[in-house]
Colleague: 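Here it is, the structure in full.
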Amino acid sequence: MTTFRDKLLAGKTAFVAGASSGINLQIATRLAEAGAAVTILSRSPDKIEAAAAGIRAKGGKCIGIAQDVRDHDGVGAAFAKSVEAHGEIDILVSGAAGNFVAPFNGISYNGFRAVIDIDLVGLYNVMRQGFPHLRKPGASCITISAPQALHPYPLQAHVNAAKAGADMLVKTLAVEWGSMGVRLNSIIPGPIADTEGMARLAPTPEAMEKSAKGTPLQRLGTKDEVADLALFLCSDAAAYITGTVIPCDGGLCLLGAGRVGG
Ligand code: NAP
Ligand code: COA
């Protein structure tokens with residue numbers, strides 16, 4: 001049951017990129033429930049406004065900004081709007097992503113660039129433009145990676161490359177920004193129920209069942225389970241944790257590369 005009883009993040013502000021749906025929207029919702037003033041961003045104006053209205057309807061403080069993370073200057077303008085609305089940023093979550101299933105020889109230049117530009121260059125844009133607005137010391141940044149960052153999944157060359165690069169960027173920034181009191185950590189969700197990502201990677205009920213049974217815990221994860229980890233990582237309980245890549249995946253990543261596409 002969702003409630004707004006526990007205001008552990010009261011007085012804090014959060015910016016969540018790629019949050020009109022799925023895992024990132026659940027993270028944004030939970031941050032707002034915990035009392036943070038939240039800005040959410042994604043491309044579709046209708047989707048992002050509906051998502052922000054949903055959070056406000058539950059009692060949270062939230063604005064939505066329609067912006068493509070591939071637009072460096074546009075991301076800068078989004079941070080300026082967020083700071084004007086809520087002030088300096090305590091929690092920065094970067095999770096915008098694109099995916100489709102295709103063999104390397106079926107991925108065009110534009111297709112490869114689209115995924116690299118959203119998942120990796122988009123992360124650069126969010127971190128580079130967000131940094132001046134982070135509370136220092138004290139800010140916590142979280143990126144949403146994928147099992148493809150650790151193991152070479154067939155039919156996922158673009159995502160494998162983008163997410164592995166993104167996790168290395170997180171580790172690099174953890175080293176560079178540590179002395180300023182800024183922490184960065186990456187979450188690797190496993191197969192998560194009721195998400196666009198899983199609809200694309202496991203498009204039939206049989207493929208979905210196979211994905212669930214392919215994890216040591218023998219089930220899909222929930223968006224809330226990923227959001228719980230995000231809340232922990234941005235809380236004071238994680239104050240000495242930085243530069244980590246943490247799976248929330250039912251043990252999937254222990255097993256090496258799985259298969260996608262059914
Ligand atoms: P989703 O619902 O499609 O979430 C992606 C979000 O990013 C949407 O809000 C989308 O909104 C936004 N977005 C996409 N391209 C964007 C762009 N260029 N600029 C700004 N926003 C953009 O997918 P999801 O399955 O929940 O995935 C969320 C994250 O979890 C991703 O980083 C994904 O790689 C990761 N992940 C998911 C799973 C899973 O099981 N689902 C497993 C491992 C990792 P718009 O379309 O309106 O822009
Ligand atoms: N197989 C092969 N190529 C594909 C493809 C597929 N299933 N889907 C898209 N592409 C190619 C397109 O053909 C295009 O290349 P081309 O110009 O050479 O024809 C290129 O990818 C870009 O496609 P486009 O639709 O113009 O890009 P976009 O920027 O509007 O969208 C995507 C980006 C392709 C990643 C799109 O799937 C998306 O917006 N995804 C966001 C949601 C999502 O993926 N959620 C799950 C996250 S895990």
Side-chain angles (χ1 to χ4, degrees), residues 15-29 40-52 64-72 74-75 78 93-123 125-126 142-151 153 155-160 162-164 166-167 186-203 207-208 211-212 214-215 219-223 225-227 229-230 245-250 252-253 258 260-261:
F15 186 107
V16 187
S20 59
S21 59
I23 292 169
N24 306 323
L25 174 57
Q26 191 60 20
I27 291 172
T29 303
I40 56 175
L41 170 151
S42 67
R43 289 171 303 179
S44 155
D46 290 350
K47 276 176 65 184
I48 201 68
E49 192 36 55
I65 299 176
Q67 181 58 56
D68 195 315
V69 292
R70 290 172 284 191
D71 175 349
H72 185 72
V75 171
V93 182
S94 181
N99 196 356
F100 55 82
V101 175
F104 180 73
N105 288 329
I107 303 176
S108 68
Y109 175 76
N110 284 342
F112 195 77
R113 280 293 301 266
V115 171
I116 297 290
D117 282 350
I118 299 170
D119 293 31
L120 180 54
V121 182
L123 173 62
N125 289 337
V126 168
I142 295 169
T143 60
I144 309 303
S145 181
Q148 290 92 323
L150 299 181
H151 299 292
Y153 279 62
L155 313 181
Q156 292 280 273
H158 44 356
V159 177
N160 297 341
K163 293 290 195 182
D167 281 350
S186 171
I187 294 176
I188 294 192
I192 304 301
D194 302 323
T195 59
E196 178 63 26
M198 279 309 286
R200 289 175 183 230
L201 298 181
M208 198 69 84
S211 293
T215 69
R219 66 170 176 86
L220 301 178
T222 68
K223 288 176 273 195
E225 287 170 331
V226 182
L229 177 55
V245 176
I246 306 181
C248 178
D249 68 343
L252 177 72
C253 288
V260 301

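Every heavy atom of this structure was used, including side-chain atoms; hydrogens, water molecules and symmetry mates were not. Each ligand, and each atom within it, is numbered from 1 in the order the structure gives.
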Colleague: Is Ile23 in polar range of ligand 1, meaning some N or O pair under 3.5 Å apart?
Modeller: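 Among all N and O atoms of Ile23, at least one is under 3.5 Å from an N or O of ligand 1.
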Colleague: Do Gln26 and Val226 have side chains that approach each other closer than 4.5 Å (heavy atoms only, starting at C-beta)?
Modeller: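 A side-chain contact is absent here, since even the closest heavy-atom pair is not under 4.5 Å.
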Colleague: Can you find an N/O atom of Ile118 closer than 3.5 Å to an N/O atom of ligand 1?
Modeller: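 In fact, backbone or side chain, Ile118 has no N or O that close.
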Colleague: Can you measure from CD1 (Ile187) to CG (Asp167) and round to the nearest 0.5 angstrom?
Modeller: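 Rounded to the nearest 0.5 Å, the CD1-CG separation comes to 11.0 Å.
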Colleague: Of the protein's non-hydrogen atoms, which lies at the shortest distance from atom 11 (O) of ligand 1, and what is that distance?
Modeller: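 The answer is Ser20 OG, 3.0 Å.
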Colleague: Could a heavy atom of Gly122 be found less than 4.0 Å from some atom of ligand 1?
Modeller: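 Gly122 does not count as a contact of ligand 1 under the 4.0 Å cut-off.
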Colleague: Within a distance under 4.0 Å of any heavy atom of Ser44, pick out the atoms of ligand 1 and give their elements.
Modeller: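 Once the distances to Ser44 are compared, the set is 47 (O).
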Colleague: Report yes if the side chains of Leu220 and Ile192 come closer than 4.5 Å at any heavy-atom pair, otherwise no.
Modeller: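 Leu220 does not reach Ile192 side chain to side chain.
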Colleague: Any idea which heavy atoms bring Ala52 and Ile40 closest together, and the distance?
Modeller: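 So the minimum-distance heavy-atom pair works out to N-CD1, 3.6 Å.
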Colleague: Out of all atoms in ligand 1, which are within 4.0 Å of some heavy atom of Met198? Include the element for each.
Modeller: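 Near Met198, meaning under 4.0 Å from one of its heavy atoms, ligand 1 has 40 (O), 41 (N).
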Colleague: Might you work through the side chain to side chain contact (heavy atoms under 4.5 Å, CB included) test for Val260 and Tyr153, ending with a clear yes or no?
Modeller: CA-CA 8 Å; Val260 301; Tyr153 279 62; 3.9 Å; yes
Colleague: Show me the donor-acceptor pairs, under 3.5 Å and distance only, between side chains in residues 17-25 and residues at least two apart or in other chains.
Modeller:
from	atom 1	to	atom 2	distance (Å)
Ser20	OG	Ser42	OG	3.0
Asn24	ND2	Gly18	O	2.7
Asn24	ND2	Gly95	O	3.0

Colleague: Among protein heavy atoms, which lies nearest atom 44 (C) of ligand 1, and at what distance?
Modeller: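 Protein heavy atom with the smallest distance to atom 44 (C) of ligand 1: Ser145 O, 3.1 Å.
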Colleague: With a 4.0 Å cut-off on heavy atoms, does Gln67 reach ligand 1?
Modeller: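 Contact check Gln67 vs ligand 1: positive.
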Colleague: My understanding is that we take every heavy atom of each candidate and find the minimum distance to atom 1 (P) of ligand 1. Doing that for Gly22, Ala19, Ser21, which one comes out nearest?
Modeller: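 Among Gly22, Ala19, Ser21, the closest heavy atom to atom 1 (P) of ligand 1 belongs to Ser21.
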Colleague: Any idea which protein heavy atom is nearest atom 46 (O) of ligand 1, and the distance to it?
Modeller: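 The closest heavy atom on the protein side is Arg43 NH2, 2.9 Å.
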Colleague: What's the shortest heavy-atom distance between Ile188 and Asp249, and which atoms?
Modeller: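 Minimum heavy-atom contact is O-CB, 4.1 Å.
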Colleague: Does Ile142 reach the side chain of Ser94, with side-chain heavy atoms less than 4.5 Å apart?
Modeller: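 Side chain of Ile142 against side chain of Ser94, heavy atoms only: no contact under 4.5 Å found.
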Colleague: What are the two closest heavy atoms between Ala28 and Val16, and how far apart are they?
Modeller: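 The answer is CB-CG2, 4.0 Å.
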Colleague: Determine whether Ile144 and Ile27 make a side-chain contact, defined as any pair of heavy atoms from C-beta on separated by less than 4.5 Å.
Modeller: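 Answer yes - side chains close enough.
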Colleague: Quick one: does Gly190 get within less than 4.0 Å of ligand 1, heavy atoms only?
Modeller: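 Contact present.
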Colleague: Can you tell me which portion of Lys47 lies within the under-4.0 Å heavy-atom range of ligand 1? Options are side chain, backbone, both, or neither.
Modeller: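 Side chain only; the backbone of Lys47 stays clear of ligand 1.
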Colleague: Kindly give the heavy-atom pair with the smallest separation between Gly214 and Leu252, and that separation in Å.
Modeller: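 It is O-CD1, 3.8 Å.
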Colleague: Do me a favour and list the nearest non-hydrogen protein atom to atom 6 (C) of ligand 1 with residue, atom name and distance?
Modeller: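 So the nearest neighbour among protein heavy atoms is Gly18 O, 3.2 Å.
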Colleague: Considering non-hydrogen atoms only, spot the tightest contact between Gly261 and Pro203 and give its length.
Modeller: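 Nearest heavy atoms, Gly261 then Pro203: C-CD, 3.9 Å.
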Colleague: Give the atoms of ligand 1, by number and element, whose distance to some non-hydrogen atom of Pro191 is under 4.0 Å.
Modeller: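 Close to Pro191: 40 (O).
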Colleague: Quick one: look up the protein heavy atom nearest atom 41 (N) of ligand 1 and list residue, atom name and how far away it is.
Modeller: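 For atom 41 (N) of ligand 1, the nearest protein heavy atom is Thr195 OG1, 2.7 Å.
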Colleague: Tell me which part of Asn24 gets within contact of ligand 1: side chain, backbone, both or neither, using heavy atoms under 4.0 Å.
Modeller: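 Asn24 to ligand 1: side-chain contact only, backbone stays beyond 4.0 Å.
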Colleague: Leu123 versus Thr143: any side-chain heavy-atom pair under 4.5 Å?
Modeller: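 Yes; the side chains approach each other to less than 4.5 Å.
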Colleague: In the protein, which heavy atom is nearest to atom 3 (O) of ligand 1, and how far is it?
Modeller: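 Answer, as residue, atom name and distance: Glu196 CB, 3.4 Å.
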Colleague: Applying a strict 4.0 Å limit to heavy atoms, is Gly98 in contact with ligand 1?
Modeller: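 False for this residue.
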Colleague: Side chains of Val159 and Val115: closer than 4.5 Å at any heavy-atom pair?
Modeller: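 They are in side-chain contact.
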Colleague: Is Ile192 in polar range of ligand 1, meaning some N or O pair under 3.5 Å apart?
Modeller: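 N/O-N/O distance under 3.5 Å: yes.
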Colleague: Is Ile116 close to Arg113 at the side-chain level, that is, under 4.5 Å between some pair of heavy atoms?
Modeller: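 Result no, sub-4.5 Å side-chain heavy-atom pair not found.
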Colleague: Report the C-alpha distance between Gln148 and Asn99 in whole Å, list the side-chain angles of each, state the deciding distance to 0.1 Å, and finish with yes or no for side chain to side chain contact (heavy atoms under 4.5 Å, CB included).
Modeller: CA-CA 11 Å; Gln148 290 92 323; Asn99 196 356; 4.0 Å; yes
Colleague: For the residue pair Met198 and Met208, establish whether any side-chain heavy-atom pair is separated by less than 4.5 Å.
Modeller: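 Met198 vs Met208: side chains touch.
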Colleague: Looking only at heavy atoms, what is the nearest atom pair of Cys248 and Glu225, with distance?
Modeller: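 Result for this residue pair: SG-O, 3.7 Å.
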Colleague: Quick check: Gly197 and ligand 1, any N/O pair under 3.5 Å apart?
Modeller: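 Indeed, backbone or side chain, Gly197 has an N or O that close.
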Colleague: Going by the atom numbers of ligand 1, which of them fall below 4.0 Å from some non-hydrogen atom of Ala146?
Modeller: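 Once the distances to Ala146 are compared, the set is 43 (C), 44 (C).
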Colleague: Every pair of nitrogen or oxygen atoms between ligand 2 and the protein that is under 3.5 angstrom apart - can you list them with their distances to 0.1 Å?
Modeller:
from	atom 1	to	atom 2	distance (Å)
ligand 2	15 (O)	Ser108	OG	3.1
ligand 2	17 (O)	Asn110	ND2	2.9
ligand 2	18 (O)	Ser108	OG	2.6
ligand 2	29 (O)	Arg70	NH1	2.8
ligand 2	29 (O)	Arg70	NH2	3.1
ligand 2	37 (O)	Arg200	NH1	2.7
ligand 2	39 (O)	Arg43	NH1	3.0
ligand 2	39 (O)	Arg43	NH2	2.9
ligand 2	44 (O)	Asn99	N	2.9
ligand 2	44 (O)	Arg200	NH1	3.2

Colleague: With a 6.0 Å cut-off on ring centres, are His158 and Phe104 close enough?
Modeller: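 Centroid distance His158-Phe104: not below 6.0 Å, so no.
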Colleague: Hey, does Lys163 sit under 4.0 Å from ligand 1 if you only count heavy atoms?
Modeller: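 Checking ligand 1 against Lys163, which is what was asked, there is a heavy-atom contact under 4.0 Å.
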Colleague: Could you find the nearest protein heavy atom to atom 13 (N) of ligand 1 and give me its residue, atom name and distance?
Modeller: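 Result: Ala96 CB, 4.1 Å.
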Colleague: For ligand 1, is any non-hydrogen atom under 4.0 Å from Ala17's backbone (N, CA, C, O), its side chain (CB onward), both, or neither?
Modeller: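 Contact part for Ala17 vs ligand 1: neither.
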Colleague: Looking at atom 19 (N) of ligand 1, what's its closest protein heavy atom, distance included?
Modeller: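 Of the protein heavy atoms, Val69 N, 2.9 Å lies nearest.
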Colleague: Going by distance only, is there an N or O of Asp68 that falls short of 3.5 Å from an N or O of ligand 1?
Modeller: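 Yes, since at least one N or O of Asp68 sits under 3.5 Å from an N or O of ligand 1.
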Colleague: Please check whether Gly95 reaches ligand 1 - meaning an N/O of the residue sits under 3.5 Å from an N/O of the ligand, judged on distance alone.
Modeller: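 Yes.
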